[in-house]
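Before any comments, here is the structure.
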Amino acid sequence: MKPHGLMCPNILSFISSLLLLSHGVALAAENHEKFLKCLSLQSDTISEVLYTQNNASYSSVLKASIQNLIFSTPANPKPLFIITPFHVSEIQAAVKCSKKNGLQIRVRSGGHDHEGLSSISDVPFIIIDLINFSEISVDVEDKTAWVESGATVGQLNYRIAEKSQNLLAFPVGTCPSVGVGGHFSGGGYGALLRKYGAAADHIVDAHMIDVKGRFLNRESMGEDLFWAIRGGGGASFGIIVSWKINLVAVPSTVTVFAVPRTLEQNATKLLNKWQYIADRVHEDLFISPFLFRENSTMVSLFTSLFLGGVDRLLRLMQDSFPELGLTKEDCKEMTFVESIVYLDGFEIRESIDMDVLRGRNFPKRPFIGKADYLTEPIPEEAFQGIYDIFFEQDQKTNGLLVFFPYGGKISEISESEIPYPHRAGNIYTLLYYAEWGQEAIDDAYQRHVNMLRTLFNYMTPYVAKNPRTAYINYRDLDIGTNNKLGHTSVQEASVWGKKYFKNNFYRLVHVKTMVDPENFFRNEQSIPPFNLVKDEL
Ligand code: FDA
């Protein structure tokens, strides 16, 4: 027990810290009042789209776009205010007033960020949720479209297919609920990557609000900033409200399949062979295996999109991957837009419900993920080590490895054309993924994280090195973060930054320094500006 004399200073400091705390709370409340006052002076319409924590709809608006349930538990930090703008002027007001009153902004489009960075923050923050910025206008003759950031990639392809009678499309990820804002600004790729590259490769203009609250287009933002927002992660540079894109041609008939093979059906040999053909087959053919455990065996589900009819597909498969034994009965012809729904669930349905693409009501669940790029095939015998990790888990813990083939257009574009740098030399991307259903989030989280980290560590000798590359759209805070006070040096940030962007990281720093030198738009993995004090050392 401590002597009384020693306790007094503690009590005094406790009392003074209480006073300081209440002073801090009072100061914060005053700042919030000032923020609200500022908003009302800047915008006549803001009250219609502003949610304070006392508003009855606050909680439902907050949760509406959190796709990963890990980030919608009561323990997560909540925004002071949420703004769901309809007009650019409301976004401009929110930027100016947040800056003036020391609040950070989290921009949310579809809300899929793997680490929840569009919905949570450790410092006082507001959310600008672009759910009402979801207009899509397609010009079929010009083969272009303008799409607002809050639209989903499913809605985008639905609208393009409708307007073009299924002859045009846009190369985006395979999950239709992903938001355009986060997806495009991080690169964005899916089953058309071999034929057409990434989404960001096809952006030709954009409208955004910068740190001064200015509305910019490609011409007024300049080519450096326009380069940065096409794959460098939008959240470091401002708020992108809409994008002009060049559309790509798709045939009126495409073919899909999803063929499972267990260990007893030679899954290992087939996966191994896939590694040698996946990036070399015709660019119309995308074959992406999913590897998971089913009871006492492993299953490799070979899923595919082919841009053409079944007969041509069978000929190509016979030439390049006869070991899979694909038959006509395994395949289904459909339109490209129908294939998006198919590739989301691998179900062949008699009629495909396009509401899946039109709406935003997708099933939500807790999930985690990590990613790697491979420049060489994994040795065949190394697959056993992967299976062992799956078999070591208890019955309730399961994960998934998704193999995403490279080659074709994605590999032809230069590494520095846009910030997304993962091009020639990669043969596939590997996504480590786990999700769970009914189980309490806390109970399941650690087990699944442990499993994915074990797999990730096991894969170290087999994946890209120096650096071990990663993809910002599969955000992973394990690879490094900025410091919470916002004073991260370029060198510190390069630990994670070079993994996402390779040498493009330094050009991103240069752009950041030009457009946001005070580092207003920041988060755990935002690009830092060059900092005279820290970076000269
Ligand atoms: P969200 O709104 O969470 O934003 C993500 C990040 O971008 C945040 O930092 C946010 O602040 C910022 N941001 C969002 N809108 C912005 C704007 N308008 N201006 C500036 N910054 C903005 N990827 C892929 O390439 N291929 C795929 O097949 C898939 N599949 C897939 C499936 C599932 C189930 C998930 C959860 C994710 C994927 N992804 C993917 C990853 C996906 O591309 C990535 O999470 C995107 O960033 C999601 O964009 P959202 O707008 O939905 O997210």
Side-chain angles (χ1 to χ4, degrees), residues 64-71 85 91 95 104-121 125 127-131 133-134 147-156 171-193 197-200 206-211 228-243 286 288 303 305 340 343-345 360 362-369 371 400 402 404 410 420 422 429 431 433-435 471-477 500 521-527:
S65 291
I66 300 182
Q67 306 296 338
N68 187 342
L69 293 183
I70 290 173
F71 304 108
I91 304 176
V95 170
Q104 266 190 36
I105 292 178
R106 295 286 150 128
V107 189
R108 189 162 78 179
S109 289
H112 285 73
D113 194 286
H114 275 216
E115 300 278 10
L117 297 195
S118 53
S119 298
I120 61 169
S121 166
F125 74 111
I127 291 181
I128 297 181
D129 187 327
L130 296 174
I131 190 160
F133 266 82
S134 57
V147 54
E148 291 184 332
S149 283
T152 67
V153 297
Q155 289 168 336
L156 174 61
V172 290
T174 50
C175 172
S177 61
V178 160
V180 161
H183 193 62
F184 287 15
S185 61
Y189 56 75
L192 292 179
L193 92 167
H207 290 163
M208 69 177 286
I209 309 300
D210 77 351
V211 69
I229 59 172
R230 288 176 293 156
S236 299
F237 301 99
I239 300 170
I240 300 106
V241 288
S242 56
W243 312 78
F286 165 90
S288 169
T303 74
L305 170 72
I340 299 172
L343 289 174
D344 191 39
R360 301 183 72 98
F362 301 98
K364 298 187 162 107
R365 64 244 156 192
F367 63 82
I368 51 173
L400 184 68
V402 184
F404 234 77
I410 192 91
Y420 180 84
H422 312 297
T429 311
L431 171 64
Y433 183 80
E435 63 175 52
Y471 174 29
I472 189 168
N473 268 347
Y474 294 143
R475 194 192 296 284
D476 183 356
L477 297 184
Y500 285 149
F521 286 113
R522 64 177 186 269
N523 63 35
E524 289 79 344
Q525 281 182 342
S526 57
I527 303 291

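Just follow the structure's listing: the first ligand is 1, and inside any ligand the first atom is 1.
Numbered from 1 in the order shown, with element, the atoms of ligand 1 that lie under 4.0 Å from a heavy atom of Gly234 read 20 (C), 21 (N). For ligand 1, the atoms closer than 4.0 angstrom to any heavy atom of Gly173 are 26 (N), 27 (C), 28 (O). Residue Arg365 has at least one heavy-atom neighbour below 4.0 Å for each of these atoms of ligand 1: 34 (C). Near Ile239, the atoms of ligand 1 lying under 4.0 angstrom from a non-hydrogen atom of the residue are 19 (N). Of all atoms in ligand 1, listed by their number and element, those nearer than 4.0 Å to a heavy atom of Gly238 are 19 (N), 20 (C). Taking a cut-off of under 4.0 Å to the non-hydrogen atoms of Arg108, the atoms of ligand 1 that pass are 2 (O). The contact set between ligand 1 and Gly188, taken as ligand atoms under 4.0 Å from a residue heavy atom, comprises 25 (O). Taking every heavy atom of Leu130 and a limit of under 4.0 angstrom, the matching atoms of ligand 1 come to 18 (N).
For ligand 1, the polar-atom distance check finds no N/O of Cys175 at less than 3.5 Å from any of the ligand's N/O atoms. Residue-to-ligand polar distances keep Val178 apart from ligand 1: every N/O pair is separated by 3.5 Å or more. Between Gly182 and ligand 1, at least one pair of N/O atoms sits closer than 3.5 Å. The distance criterion of under 3.5 Å between nitrogen or oxygen atoms is met by Ile240 with respect to ligand 1. Polar contact check, Ser109 against ligand 1: a nitrogen or oxygen pair lies under 3.5 Å apart. Among the atoms of Ala235, some N or O lies under 3.5 angstrom from an N or O of ligand 1.
For the pair Gln525 (side chain) and Asp476 (backbone), a donor-acceptor distance under 3.5 Å is present. Side chain of Thr303 to main chain of Ser288: a donor-acceptor pair is present (N/O by atom type, distance under 3.5 Å, no hydrogens or angles). Distance alone, capped at 3.5 Å, places no donor-acceptor pair between the Ser149 side chain and the Ser109 backbone. For the pair Asp210 (side chain) and Gly238 (backbone), a donor-acceptor distance under 3.5 Å is absent. Counting only distance, with no hydrogens or angles, the side chain of His422 and the backbone of Tyr500 share a donor-acceptor pair below 3.5 Å. The backbone N or O of Ile527 sits less than 3.5 Å from a side-chain atom of Ser236, completing a donor-acceptor pair. Side-chain atoms of His183 never come within 3.5 Å of backbone atoms of Val153 as a donor-acceptor pair (strictly under, hydrogens ignored).
With a 4.0 Å cut-off on non-hydrogen atoms, Tyr471 touches ligand 1 through its side chain and not its backbone. Here Ser149 has side-chain heavy atoms under 4.0 Å from ligand 1, and that is the only part of it that gets that close. Heavy atoms of Val172 found under 4.0 angstrom from ligand 1: none, in either backbone or side chain.
To the nearest 0.5 Å, the span separating CD on Glu115 from CG on Asn523 amounts to 11.0 Å. Summarising the geometry, atom NE2 belonging to His207 is positioned 12.5 Å from atom CD1 belonging to Ile240; distances are rounded to the nearest 0.5 Å. If you take CD on Gln104 and CZ on Phe521, they are separated by 10.5 Å, rounding to the nearest 0.5 Å.
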Before you tell me yes or no, could you show the steps for Thr152 and Arg360 under side chain to side chain contact (heavy atoms under 4.5 Å, CB included), namely the whole-Å CA-CA distance, both residues' side-chain angles and the distance that decides it to 0.1 Å? CA-CA 8 Å; Thr152 67; Arg360 301 183 72 98; 4.1 Å; yes
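Taking both residues in full, the closest heavy atoms of Ala200 and Gly231 are given as CB-N, 4.4 Å, listed atom of the first, atom of the second, then distance. Between Asp113 and Phe71, the shortest heavy-atom distance links the atoms O-CE1, 4.5 Å. Pairing each heavy atom of Ser526 with each of Arg522, the nearest pair is OG-CA, 3.2 Å. Closest non-hydrogen pair, Ile472 versus Gly232, comes out as CD1-O, 4.4 Å.
Counting heavy atoms from C-beta outward, Arg106 and Leu117 have side chains that approach closer than 4.5 Å.
The closest non-hydrogen atom to atom 3 (O) of ligand 1, taken over Pro171, Ser118, Pro176, Ser242, comes from Ser118. Comparing heavy-atom distances from atom 8 (C) of ligand 1 across Asn473, Asp113, Ile131, Val241 singles out Asp113 as nearest. Of the listed residues (His114, Glu148, Met208), the one carrying the non-hydrogen atom nearest atom 37 (C) of ligand 1 is His114. Within the set Thr429, Thr152, Val107, the minimum heavy-atom distance to atom 17 (C) of ligand 1 is found for Val107. With atom 29 (C) of ligand 1 as the reference point, the heavy atom nearest to it among Tyr420, Tyr474, Phe367 is part of Tyr474. The residue from His183, His112, Gln67, Arg106 that puts a heavy atom closest to atom 43 (O) of ligand 1 is His183. For atom 9 (O) of ligand 1, the nearest non-hydrogen atom from the set Gln525, Glu115, Glu524, Arg475 belongs to Arg475. Relative to atom 51 (O) of ligand 1, the option among Gly110, Ser177, Gly116 with the closest non-hydrogen atom is Gly110.
Ring geometry for Tyr471 versus Tyr189: interplanar angle under 30°, hence parallel rather than tilted (30 to 60°).
Nearest protein heavy-atom neighbour of atom 26 (N) of ligand 1: Tyr189 O, 2.7 Å. Of all protein heavy atoms, the one closest to atom 28 (O) of ligand 1 is Thr174 N, 2.9 Å. Scanning all protein heavy atoms for the shortest distance to atom 52 (O) of ligand 1 gives Gly179 N, 2.8 Å. Among protein heavy atoms, the minimum distance from atom 1 (P) of ligand 1 is reached at Gly111 N, 3.3 Å.
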